[in-house]
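First up is the structure itself, then whatever we jot down about it.
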Amino acid sequence: MPTDRIFVHVKTADPISEAGIVAALKSRAEVWIVDEHALSRETVVLIVSHEMDEEALRLLRSVRGKGVQQAVVVVSELDDAGLMVAVEAGVAGLVRRREATADRLVQVISSVHHGAGVVPPDLLGRLLKQVSTVQSQVLSPRGLRFNGLTDREGEVLKLVACGMDTREIAQQLSYSERTVKNVLHDVTNRFHLRNRSHAVAYAIREGLI
């Protein structure tokens with residue numbers, strides 16, 4: 001099997017749609033269609049559904065449990081609610097069905113495979129507005145951010161990254177040393193990290209700080 005191609009698995013509740021998508025992609029040199037038994041973390045799953053609804057989520061869950069991390073969803077209808085459902089479900093690429101040519105699908109699959117997110121341009125502004133609303137009205141009043149850290153946790157990790165010890169961090173932030181220790185304990189437990197160094201490395205790698 002060629003190693004320079006992107007492994008793609010097509011998942012849909014409609015066999016006719018699946019056959020059509022597979023036929024369109026099979027001739028493309030950039031991708032290699034794989035069966036469900038060959039799924040891995042490197043596979044990009046392409047889900048086809050009428051809209052971003054419970055059926056699409058069911059199809060997504062069925063492959064998530066097999067290690068798949070990257071998903072592109074092709075939908076006939078996509079409104080603001082469906083857009084947020086897709087984002088919350090970790091979908092990296094969204095394509096409207098009427099725009100799903102072989103060229104467009106390969107372009108989106110390649111972008112997602114290389115770590116980019118793809119949203120129809122006309123919906124991007126609406127997505128950013130919704131994210132801003134959630135941050136300002138839901139997360140911020142609770143001291144939370146989208147990255148999973150509270151403001152306090154972010155401050156502590158930044159100072160740990162600067163080489164400060166518990167006492168120095170406590171003095172810098174006017175916290176007790178126990179508070180600093182509790183913050184670090186919560187972060188390492190939540191993200192399954194081994195120690196402070198691992199926590200800092202993880203936070204930097206994931207763009208949390």
Side-chain angles (χ1 to χ4, degrees), residues 39-45 52 54 56-57 60-73 80-94 108 110-121 123-209:
L39 295 178
S40 72
R41 288 179 61 87
E42 300 303 315
T43 306
V44 177
V45 66
M52 197 62 217
E54 185 55 40
L57 292 175
L60 182 59
R61 286 193 293 267
S62 71
V63 293
R64 287 278 195 224
K66 298 179 181 179
V68 170
Q69 301 295 313
Q70 304 171 108
V72 174
V73 176
D80 288 359
L83 185 59
M84 286 305 293
V85 169
V87 171
E88 291 168 358
V91 173
L94 285 166
V108 173
S110 179
S111 295
V112 168
H113 177 69
H114 289 98
V118 182
V119 176
L123 291 181
L124 185 56
R126 287 151 63 183
L127 173 61
L128 294 175
K129 183 177 180 180
Q130 289 187 65
V131 168
S132 177
T133 299
V134 172
Q135 178 66 60
S136 63
Q137 297 183 8
V138 179
L139 299 181
S140 292
R142 295 170 173 78
L144 299 172
R145 307 176 187 171
F146 270 105
N147 60 25
L149 294 175
T150 65
D151 290 338
R152 173 183 287 184
E153 290 167 344
E155 290 174 341
V156 169
L157 279 181
K158 286 177 182 177
L159 295 181
V160 171
C162 291
M164 292 188 179
D165 61 22
T166 300
R167 180 180 57 80
E168 292 170 327
I169 294 171
Q171 291 176 347
Q172 177 75 19
L173 299 177
S174 299
Y175 297 155
S176 69
E177 291 187 34
R178 177 178 292 276
T179 295
V180 174
K181 290 178 181 177
N182 287 341
V183 167
L184 290 170
H185 179 267
D186 290 345
V187 170
T188 53
N189 276 358
R190 188 185 321 140
F191 296 106
H192 308 292
L193 306 169
R194 296 185 297 275
N195 49 43
R196 290 188 179 199
S197 297
H198 192 195
V200 171
Y202 174 84
I204 292 173
R205 185 177 69 247
E206 298 297 322
L208 303 182
I209 61 175

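Because only heavy atoms are used, hydrogens play no part in the values below, and waters and symmetry mates are left out as well, while side chains stay in.
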Exercise. Of Ile169, Asp165, Val160, which is the lone residue that meets side-chain contact (heavy atoms from CB on, under 4.5 Å) with Val180?
Worked result: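 In the set Ile169, Asp165, Val160, the residue that makes a side-chain contact (heavy atoms from CB on, under 4.5 Å) with Val180 is Ile169.
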
Side-chain donor-acceptor pairs of residues 110-119 under 3.5 Å, sequence neighbours excluded:
unit_1	atom_1	unit_2	atom_2	d
Ser111	OG	Gln107	O	3.0
His114	ND1	Ser110	O	2.8

So which heavy atom on [X] is nearest to which on [Y], and how close?
X	Y	answer
Arg64	Gln69	NH1-O, 2.8 Å
Gln70	Glu42	NE2-O, 3.6 Å
Val91	Ala71	CG1-O, 3.7 Å

For this session: Kindly write out the residues that satisfy side-chain contact (heavy atoms from CB on, under 4.5 Å) with Thr179, not counting sequence neighbours, or none if the list is empty.
Result: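 Partners of Thr179 by the side-chain contact (heavy atoms from CB on, under 4.5 Å) criterion, ordered by chain and then number, come out as Arg152, Tyr175, Ser176, Val183.
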
Problem set entry | Results of side-chain contact (heavy atoms from CB on, under 4.5 Å) for Arg61 - residues two or more places apart only |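 Here the qualifying residues are Glu54, Leu57, Arg58.
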
From [X] atom [atom1] to [Y] atom [atom2], the distance as rounded to the nearest 0.5 Å:
X	Y	atom1	atom2	answer
Glu177	Lys181	CD	NZ	6.0 Å
Leu173	Lys158	CG	NZ	11.0 Å
Glu168	Leu159	CD	CG	9.5 Å

Exercise. Stepwise, does the side-chain contact (heavy atoms from CB on, under 4.5 Å) test hold for Val108 with Leu94?
Worked result: CA-CA 8 Å; Val108 173; Leu94 285 166; over 6 Å; no

For this session: Check the pair Arg178, Asn182 against side-chain contact (heavy atoms from CB on, under 4.5 Å), reporting the backbone distance first and the verdict last.
Result: CA-CA 6 Å; Arg178 177 178 292 276; Asn182 287 341; 3.7 Å; yes

